[in-house]
Structures are given as C-alpha cells and as structure tokens.
Protein chains: 2
Amino acid sequence: MSSPKPPKKTHSVVPGQTVTLEQVAAHAGVSPSTVSRILNGTAVVSPAKKAAVEAAIQELGFRPNPVARGLAGGRTMSIGVVTQIISSPFYGEALLGIEEQLEQAGYVPLIVSGHWRDVDERKALQTLLARRVDGLIVFAGRLSAADLLQEAAGLPLVVMGRQVQGPQAFSFSFDNRKGARLATEHLLAQGHRRIAFVMGDPVHDDAADRYQGYLDALAAAGLAADPALLTQGDYTEGGGLLAITHLLARGQSFSAVFSCNDQMAIGAAHGLRRHGLRVPDDVSLVGFDDVVLARYAMPPLTTVRQSMLDMGHQAAKAVLDQLAGRPPQVQLPAPELVVRDSTRRLAR
Amino acid sequence: MSSPKPPKKTHSVVPGQTVTLEQVAAHAGVSPSTVSRILNGTAVVSPAKKAAVEAAIQELGFRPNPVARGLAGGRTMSIGVVTQIISSPFYGEALLGIEEQLEQAGYVPLIVSGHWRDVDERKALQTLLARRVDGLIVFAGRLSAADLLQEAAGLPLVVMGRQVQGPQAFSFSFDNRKGARLATEHLLAQGHRRIAFVMGDPVHDDAADRYQGYLDALAAAGLAADPALLTQGDYTEGGGLLAITHLLARGQSFSAVFSCNDQMAIGAAHGLRRHGLRVPDDVSLVGFDDVVLARYAMPPLTTVRQSMLDMGHQAAKAVLDQLAGRPPQVQLPAPELVVRDSTRRLAR
DNA sequence: TTGTAGGCGTTATCAC
DNA sequence: GTGATAACGCCTACAA
C-alpha cells in the first residue's frame, strides 16, 4: 500500500480547513475580541490593527464559523422558509427569488415544507425555531394566523399571501382581487357571459380574493354569478382536471373558464379536451400567476401575471429590513393581464 | 357565541422557549452528561434514570439545540444540497424526495443553487462547508470531479448524475443510455428514420449518455446518425424552442424529435407549431424525465420515466447510510418508456 | 453506570 | 481602542 499523500497545503488555504478567529488574532498580534469587532463592525479599531487583521484573514483564508456565531451571538445567519410544496413551480420561483436576495446579505434559506397541512406547518416552524433561524418567511398555509404568530414566537416574520397582524409580523399579498377582476373583465369583453370559476381552497385569502375579483367584474357588468359554475380544486393540474370534470358532469354549459391558478388551468384544459371541447375554439381559458409553463402551455395561456420571483425578492428584502431594524417595505407590481392564445371572442 | 378558547398549554410547552439540557438534568435529578447520553444513546444508563429523564423532557418540552450540538459534537444534523436551479420542476421533485427522506432521520436539507456555473457551485460548496453540514448531496454540475472532491473535503458525498470516484464519494446515475435507446427505438419502430436529437450540454454525463443511447438505437437499426439532425439546448423550454428553431432554419427535414429532457421537448413542440408543424401529426416528439408537466403537455408527452422523487429518496438514503457507517446502496428503477400522445406511426 | 471538567469558535460584558 | 473573561448549550474524555 502506498503512503497516504499528505493534503497539499496551498498557502494555508485548504478546503475543509478549520482556521479559527483565535488563530487570526494570534497571526495579527491582536486579541480575539478585536478580530471579532472588525468582523462585525461592532466598534472602531485603529486602522493599523484593522489592516493587520484583514491581512491575516486573507492569508489564512479564515471564514467565521456560523455555527459558533449562532451559539455565541444568537444569530445563525439563516432564514427559515415555510413553503407548502417545494416541487411546485409556483413556490420554486419564489424560492429562487428568496435565495438570490438572501445570498447577497450572507444569509441562507432553510426551507421546510408544510404540505398544506396544519400539523406539518406547525412542525416546520418548530424545526426552524429549534434551528435558531434569525427570521421567518411563510407562504400562506392552513395554520391560523394566531397559531402562526404564536409559533413564530417573536421572530421577525414575513407572511406572503395572507394578512397577519402582529408586533413583528409583516405581511403582504399580490392584489389578487384586482387581478381576478382584470381576467374576468377580459372574458366579459370578449362576449362571454357564462364563465366558470375554478377556485382554490377558500380558506386561503388569495383564493377568496380572486373569487371576489371575479364577482366584482360580473357585478360591474350587471351579471349575477351562477353558483352552479363554481367549482374547486387543489391548485394542482390534477385538481384542475377533476374540478372541470365535475362541472361538466353536472351538465353545466359555459363558454369560458377562469382558473384560480395556472396549474389548475392547464389541468382544466385537459379535462375540456377530453370532453371534446377545444381551447379556445369552444371554451376560453384564463389562468393566474403566469408561471413558466403558462407560456409553454398549448395553447399558450392567457393569465394574470404575478411574478413569484419578484415576490420572493420582496419577501426576503422585508425580513432583511426587519433584521436591520428598518421598517419593511415592499414594492408590489400591479396586476397585469397577459393575453395569449387561450382566450377568444365568443362566436355568436 | 362561546368564549375564545385559550391556547391549550400542554404542560409548560411554550413556543420560543429555551429549555436547556441542563434544566432537564436538574428536573430529573441527574447530571447533564446523563441526559446527553440518553439523547444520543452514547452509553447505557439505568432504566430508572432514563425514565426520569424522558419524563422531564416531555414535561419541559425540551428540544436539543442543533446549533450547540453542531459546535460541541461537530454534527449539525443538516445535509448540504447543491442543485442547479431550485425553481426547475426537475430539481424540485428531487428536492422533495430528499426532504422527505431526511426529515425522518431528523436531518434538514440546506439547499444552495449552483446556477450551472462553476464559480457558483464552488461557492455553494464552501458556504455549505462553512455551515458545517454533515454530508453533501450534489446534482451533476459544471465543477470538475476533482474540484468537487477537493471542496467536499472528506465529507460524506453523494453525487447524482455523474460518476465521481473518491474515498467517501458515492455516485449514481439513472441508466440514461438505456432510457434514450428505448425512446429512440420507439420512434424507429413507428417507422421514423430521420430523428432529430435535442441534446443538453455534452459536458454532462447524462446528456452524453442519452446521446449515446440514441446512437445505439440508430446503429442497431443499421442507420447512420446524421450530424445535421443534432442540435443543442440548455434544458429549459426556451432552450428547446431555440434549438428546434435553429434546426428548422437550417432547412433540415425530420419526422421525429427526441429531446434530452421534457422541458426542452415542450419548447420544441412550440417551435414546431410556429413553423406549422403539428405534434404528432407531422412530427413525433419524445422527451425524457417524465416530470409532471409531461403528462399535462398538449399533447401529453411520450417520455422516459425517471422518477426524480425517487432519485431524491435514494440520494438522501445514501448520505444517511454513509453517515451511519453503512455502505450506501441505491435501488434504481429501470428505465421505462411512457407512451402518450406525442408520437405516432409515420404516415407513408 | 454516573458525574465533573474542559472545550467547540464566537460574541458580549467588563475593566483598563 | 483594546484585551481578558464569561457565557452560548451541548458533547466527551476522564475520573470515580
């Protein structure tokens, strides 16, 4: 057997190394506290020592240990993120936005899924708290606002898609009602009168708001909403397929469908097709969110643009703001209808 | 109306609390080390004390602090995961699988994106190492195997989609070559002879392997591959669209397209449609992966099933195995062709 | 089997 | 400004 080759020391920068702050201090001829102060900007130090320390850090390739920092200072430089289903393109885009934004500030997202289940969300929050995350970003789920606030236990909290009032809670939503109204008005303007609505779980504010926007548009046009045209799904393609199938089985007739999100819209398109109804020739279809697949659906889906990437950015910015003691601010884009090929004027 | 129900306090369990191991020890009348031993199964303790400690843990609602554990014991109970793009449905499904599996073992994934960029992957690994993750799961990226191994610095490492040899590295791939051969054979069996291939970046083993499978099938049928029918994309819908557009611009004629992944296949379908070519009437189309959108594409996409959820499970199991000192084992499903509606017999 | 003591790498609180 | 000196919450020899 050959002799084990010693790890080549590039200077002293070796991956997996364990250069400590103490070593840096020794190397620079100062005390550990001084190094710490320079690292955190906690106090003013003399330029000379500062330079020496910075040189030592460079030379030794020192990186502060977040774990130790977490224990000592209580800051882990990580933000807990509660999504519902990590594999969903909807959440995926938002997570990307969050990650991008946090990275710049040296934070890392700790992502845990709630699976749309009360207990799982609660467990997720507890896991995150146990891990001592510095802040929380939560996507609207099933947990009550009160429970959410209680579990968050005073940590900076940003909630997307639901209003939550609390001392350190900041919540914001896309203007779902307006967006849904836009979508419905578009269909109305094309002459559609019997517009089916595929709702999400009304427990969620966004689903309820979008339904409200649909009603708004109908009312403004002097139309009454036909409850028989209302159906519900679980935000997935399969759910949309099921919902539209039920509607058709009930023998309802309609010339357009407005779905609470793109994924269900795409499922609905399949359901319609199975019943010999073509989109948009026989039935116009509008989604919501404008996830990537909306553009590549066949036909490309008319939808309401809600950039989840942007929402993710905003959410991350908001926690970061709270962490920095700044009042969180978000710049939400106005709802915008993206007209593609899944809608057309009602042939009379 | 009834009075607001007070949050049921289960004993003294309050979210955000900070019950320490020391308090548990005091409560149970034993030393901290004993509690620690019980928690970790490090040594045998008397049943009596064990019971007392467990009762105390229950009553106080104690949860060990992973941060402190990480500092003291060197185990953070977190696994670093390097994906390329977190928002991609492909990675999303795998992440879901990883998360599910890790959760059962009390581990949490720390997900960082490499964005298909050498530098970002390296940085991702460094971030993960700095955070003292206990193990690493890496999706094939652009970083060389040597660099990968060096950055991983001896940590248990599981690599998916690329072969990496190393003392503590374990890598596995789906049988891409076989899968691609299956897909191509399917098209050949339907009479197609001019089959375009939309490749991914050949730097990646899976892309290269799938191309090889395509060549295998062609060769077995006594056909030569026409280089003019080869095009390349970046795994996204947009990339597939572009790739097929280039191919058509070059004036190539073909009756079928095999795409390296589903997303590019869907983009390709759009490109074909724009040129007045219908799928499958004019051109048959096969994808690879069988992500959710394949089923809901229009027409539903014939593809090679590769359950990323399962791959995620396997990867997580493999790191867990390594962590437990067991030799990692994975059970990979055999490639399977899922025939849907995007392919049809060549009309002659 | 069980307890004591020291240490993991930083930050924070004191004095100087 | 700067440096000792405690924590932070847990693990792990070592001793008993």
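- We find that CZ of B:Arg132 is positioned 18 Å from P of D:dC11, with the value rounded to whole Å.
- For DNA chain C, the contact window with chain B, defined by any atom under 4.0 Å from a protein heavy atom, covers C:dT1 to C:dG9 in 5' to 3' order.
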Scan the side chains in residues 43-54 of chain B for donor-acceptor partners under 3.5 Å anywhere in the protein, sequence neighbours excluded, and list what turns up.
residue, atom, partner, partner atom, Å
B:Ser46, OG, B:Lys49, N, 3.4

Is there any protein nitrogen or oxygen under 3.5 Å from a nitrogen or oxygen in nucleotides 13-16 of chain D, and what are the pairs?
none

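- Using a 4.0 Å heavy-atom distance criterion, A:Thr34 is classed as a sugar-phosphate-only contact.
- Looking at residues two or more places apart in sequence or on another chain, you find a side-chain contact (heavy atoms from CB on, under 4.5 Å) between A:Asp118 and A:Arg122, A:Leu143.
- Remark: side-chain polar atoms of B:Thr76 are paired, donor with acceptor, to backbone N or O of B:Arg132 under 3.5 angstrom.
- Within the structure, the side-chain hydrogen bond (donor to acceptor under 3.5 Å, both in side chains) test picks out the following pairs touching residues 94-104 of chain A (sequence neighbours left out): A:Glu99-B:Ser113, A:Glu100-A:His313.
- Considering only residues two or more places apart in sequence or on other chains, A:Arg69 meets the side-chain contact (heavy atoms from CB on, under 4.5 Å) condition with A:Leu39, A:Asn40, A:Pro64.
- Side chains of A:Gln163 and A:Ser171: a donor-acceptor N/O pair is present below 3.5 angstrom, by distance only.
- Atom CG in A:Leu71 sits roughly 18 Å away from atom P in D:dA6 (whole-Å rounding).
- Listed by chain and number, the residues in a side-chain hydrogen bond (donor to acceptor under 3.5 Å, both in side chains) with B:His115 are B:Asp120 (sequence neighbours excluded).
- In this structure, CG in B:Leu148 is found 8.5 Å from CD in B:Glu151, a value given to the nearest 0.5 Å.
- A:Thr34 pairs by the side-chain hydrogen bond (donor to acceptor under 3.5 Å, both in side chains) definition with A:Ser31, not counting sequence neighbours.
- Within 4.0 Å (heavy atoms only), A:Pro64 reaches sugar-phosphate atoms of the nucleic acid but no base atom.
- The neighbour count for B:Arg75 CZ, taken as heavy atoms of other residues, nucleotides or ligands under 6.0 Å away, does not exceed 12.
- If B:Pro32 and A:Leu39 are placed on DNA chain C by their nearest nucleotide, the residue sitting closer to the 5' end is B:Pro32.
- Rounded to whole angstrom, the span from the CZ atom of A:Arg75 across to the P atom of D:dC8 amounts to 18 Å.
- Evaluated for a side chain to side chain contact (heavy atoms under 4.5 Å, CB included) with B:Met311, the options B:Leu332, B:Ile98, B:Val330 yield exactly one hit, B:Leu332.
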For residues 19-30 of chain A, which side-chain N or O atoms pair as donor and acceptor with protein atoms under 3.5 Å away, sequence neighbours left out?
residue, atom, partner, partner atom, Å
A:Thr20, OG1, A:Glu22, N, 3.3
A:Thr20, OG1, A:Gln23, N, 3.2

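- B:Gln23 has its CD atom 13 Å from the C1' atom of D:dC10, to the nearest Å.
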What pairs of donor and acceptor atoms, side-chain ones from residues 316-327 of chain B against any protein atom, are under 3.5 angstrom apart with sequence neighbours left out?
residue, atom, partner, partner atom, Å
B:Asp321, OD1, B:Arg326, NH1, 2.3
B:Gln322, NE2, B:Gln168, O, 2.8

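- Non-hydrogen atoms lying under 4.0 Å from DNA chain C are contributed by nothing in residues 45-54 of chain A.
- Within the helix from C:dT1-D:dA16 to C:dC16-D:dG1, the inter-axis angle between the opening and closing five-pair segments is 40°, rounded to 10°.
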